[in-house]
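Working notes, beginning with the structure itself.
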Amino acid sequence: MKFKGKAWKFGADVDTDAIIPARYLNTSDPKELASHCMEDSSNPEFMKKMKPGDIIVAEKNFGCGSSREHAPIAIKTAGVYCVVARSFARIFYRNSFNMGLPIFESPEAVDNIKEGDEIEVDADAGVISVLSSGREFKIAPVPPFMQELIAAGGLMAYTKKKTGLS
Amino acid sequence: MTITEKILAAHCGKKEVKPGELINAKLDLVLANDITAPIAIKEFRAAGAKKVFDPDRIALIPDHFAPNKDIPSAEQCNLLRQFSREHNLSLYFEVGRMGIEHALLPEQGLVVPGDAVIGADSHTCTYGGLGAFSTGVGSTDVAAAMITGEAWFKVPESMKFIYKGKLGKWVGGKDIILRTIGDIGVDGALYRAMEFTGEVIKKLPMSGRLTICNMAIEAGGKNGIIEPDEITEKYVSKRARRKYKFYKSDKKANYAEVREYDLTNMEPQIACPHLPENVKPVSQLAAVNIDQSVVGSCTNGRIEDMREAAKVIKGHKVHPYVRMIVIPATQAIYKQCIKEGLVDIFIDAGAAFSTPTCGPCLGGHMGILASGERAISTTNRNFVGRMGHPKSEVYLSNPAIASASAVLGRIGRPEELR
């Protein structure tokens with residue numbers, strides 16, 4: 001997997017209410033959720049400005065708060081390729097692997113990427129590069145079980161295989 | 001092993017587990033609500049599943065936007081209802097019988113000590129107060145668990161919190177957990193089990209224990225847990241619908257970190273906007289005016305919380321510029337409030353008294369804030385926009401402070417009421 005896109009920077013502790021405010025949770029329609037992605041964050045205009053294929057780069061504890069899977073669904077459906085952060089909140093991390101939003105931990109990359117930088121994330125090589133400067137940063141390795149989940153196509157595909165559901 | 005490790009080991013058929021180990025655990029209960037279940041149900045159906053693993057171990061509780069606040073919410077609640085009927089689920093709770101999930105399940109004896117539980121709601125960690133392992137997950141995890149009755153976990157490292165000293169008047173579980181989150185931060189226990197111990201915890205009633213474990217997620221924790229004891233036994237023995245087992249941490253158990261607190265002379269604690277870690281003692285916030293006071297939620301909607309709020313406000317009036325909204329967490333608590341005359345006290349004071357719902361806690365309904373408005377609330381989160389407009393503010397407190405503040409029109413203590 002290789003992702004190339006423009007970086008949108010966010011601060012620390014971006015919570016799930018900032019990613020998708022609860023007032024929109026009376027639906028689980030992915031497109032509807034995506035239209036409000038990051039609406040209560042530090043960049044409420046995110047959906048107006050971003051282009052599909054862009055990448056979110058955030059500080060520590062991204063996705064803290066609620067267990068709502070609507071958060072990674074909104075981000076993925078908005079067309080964000082992947083999220084790079086210093087660290088992720090536990091349930092958001094788990095949800096992202098389960099439903100197939102690629103996420104990567106790299107404190108070094110977060111320190112060195114500026115808003116608007118064109119970056120490339122090479123998931124297989126475990127490297128994030130800033131294209132303008134050519135600098136490269138390592139991605140924290142993904143635990144083996146999570147790699148298995150990704151390879152299977154997410155938790156439901158993995159469960160189907162395991163239980164013999166067709 | 002710690003209590004958390006022992007419960008996880010017992011649920012994956014192993015004698016021993018170690019932090020970092022990946023396990024597949026059998027679950028005693030799987031939970032989802034009207035916000036998270038719809039996605040789980042769609043995933044369950046999309047996978048071609050025809051049967052749930054056990055119709056008596058899946059709890060679907062419409063509590064967030066129920067009683068239905070609008071047409072889309074009605075559709076979501078209806079999806080839970082139809083799925084429950086289709087699969088004969090015995091633990092679907094209709095409006096009129098339902099309550100806020102994390103208050104309802106312990107009250108009804110549907111989660112018990114020694115359980116392993118997942119719920120598609122981050123505050124599922126509440127049941128650690130009973131000595132159970134319980135953790136919040138997403139909808140896809142619940143969809144898979146409804147099929148298999150299992151979930152994968154990385155065994156968490158444990159952090160031990162020891163509380164010493166004597167709690168002052170109007171200080172309780174909420175203040176203990178706010179103090180702790182204020183100390184370690186909103187990711188201070190990321191991926192870890194938070195084990196709460198010490199002489200203060202040993203004397204704490206079950207309501208306070210549930211409040212503490214409820215907010216473990218606000219420090220990033222995977223679960224919060226308290227060793228069960230006589231207080232647990234007394235609470236559980238008359239309600240448990242299943243066999244239960246008390247697990248205790250070994251004296252030589254390993255902890256990633258141990259923290260000690262002396263709580264003597266600790267004031268009531270308040271979390272200021274916009275993170276639960278922005279904690280200050282109440283005396284530093286006396287200049288903060290409020291527009292709304294909310295008493296309720298899975299954190300502080302139990303009968304003990306209702307009694308505390310009523311005791312403070314009895315004989316007083318809610319400030320003319322304040323709306324006070326009191327929401328008992330379950331029908332049984334609601335009825336008990338009527339029996340004890342608490343509803344009269346609240347209504348005579350000029351407060352609204354509502355049927356159980358999560359409502360305002362997550363900015364759903366029943367008390368949304370306008371731009372520039374400020375609430376004090378016994379709920380669990382004060383993120384930007386949490387209770388309404390992105391330019392509104394939420395301060396988190398215990399029920400006594402929320403009640404006193406409603407009368408004062410500003411953040412204050414019961415001792416300030418004349």
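Quantities reported herein were computed from a predicted structural model and do not represent experimental measurements. Proteins get letters first, then strands, A, B, ... in listed order; numbering begins at 1 in each.
- Residue B:E75 does not touch chain A at all, counting heavy-atom pairs closer than 4.5 Å.
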side-chain contact (heavy atoms from CB on, under 4.5 Å), that's the test. Do B:I147 and A:M156 meet it? Break it down for me.
CA-CA 10 Å; B:I147 300 170; A:M156 289 317 284; 3.9 Å; yes

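- The residue among A:F92, A:Y158, A:F88 with the most heavy atom pairs within less than 4.5 Å of chain B is A:F88.
- Both the backbone and the side chain of B:E43 come within contact range of chain A, with heavy atoms under 4.5 Å apart.
- With a 4.5 angstrom heavy-atom cutoff, A:T159 touches chain B only via side-chain atoms.
- Among all heavy-atom pairs drawn from A:S67 and B:A120, the shortest one is OG-C, 3.4 Å.
- Residues B:P390 and A:R23 share a closest heavy-atom pair of CG-NH2, 3.9 Å.
- For the pair B:V137 and A:R90, the tightest heavy-atom approach, listed with the atom from each and the gap, is CG1-NH2, 4.3 Å.
- We find the NZ-OG1 distance between A:K162 and B:T148 to be 5.5 Å, quoted to the nearest 0.5 Å.
- Of the two parts of A:L25, the backbone and the side chain both hold a non-hydrogen atom closer than 4.5 Å to a non-hydrogen atom of chain B.
- Atoms CZ and CG, from A:R68 and B:D121 in turn, are 9.5 Å apart once rounded to the nearest 0.5 Å.
- To the nearest 0.5 angstrom, B:I71 atom CD1 is 13.0 Å from A:T27 atom OG1.
- Contact residues of residues 29-56 of chain A toward chain B are A:D40 (heavy-atom distance under 4.5 Å).
- In this structure, chain A has a heavy atom under 4.5 Å from the side chain of B:D70, while its backbone stays farther away.
- In terms of heavy-atom pairs under 4.5 angstrom with chain B, the leader among A:I73, A:N61, A:T163, A:D13 is A:N61.
- When atom types are taken as modelled, the side chain of B:H123 and the backbone of A:S66 share no donor-acceptor pair closer than 3.5 angstrom.
- Using non-hydrogen atoms only and a strict 4.5 Å limit, the part of residues 96-126 of chain A facing chain B consists of A:N98, A:M99, A:E105.
- Environment of NZ in B:K69: crowded, with over 12 heavy atoms of neighbouring residues, nucleotides or ligands closer than 6.0 Å.
- Among residues two or more places apart in sequence or in another chain, the salt bridge (charged side-chain N to carboxylate O under 4.0 Å, His left out) test is passed with A:R135 by none.
- Considering every non-hydrogen atom in both A:A22 and B:L362, the closest pair reads CB-O, 3.0 Å.
- Inspection of non-hydrogen atoms places B:R381, B:F383, B:V384, B:G385, B:R386, B:G388 of residues 381-389 of chain B under 4.5 Å from chain A.
- When all heavy atoms are compared, the tightest approach of A:L155 to B:A144 is CD2-CB, 3.7 Å.
- Between the NE2 atom of B:H64 and the CG atom of A:N26 there is a distance of 13.0 Å, given to the nearest 0.5 Å.
- Contact tally against chain A (heavy-atom pairs below 4.5 Å) for B:Y191, B:W152, B:F44: the top residue is B:W152.
- Using modelled atom types, one finds a donor on one side chain and an acceptor on the other under 3.5 Å when comparing A:S28 with B:K42.
- Only the side chain of B:N24 comes within less than 4.5 Å of a heavy atom in chain A; its backbone stays farther off.
- Nearest approach of B:A47 to A:K160, heavy atoms of both residues: O-CE, 3.6 Å.
- The line from CG of B:L275 to SG of A:C64 is 6.5 Å long, rounded to the nearest 0.5 Å.
- Residues B:T140 and A:E69 bring a donor and an acceptor atom of their side chains to less than 3.5 Å of each other.
- When B:N68, B:L22, B:I368 are compared by the number of non-hydrogen pairs under 4.5 Å with chain A, B:L22 comes out ahead.
- Atom OH of A:Y81 has 12 or fewer heavy atoms from other residues, nucleotides or ligands within 6.0 Å.
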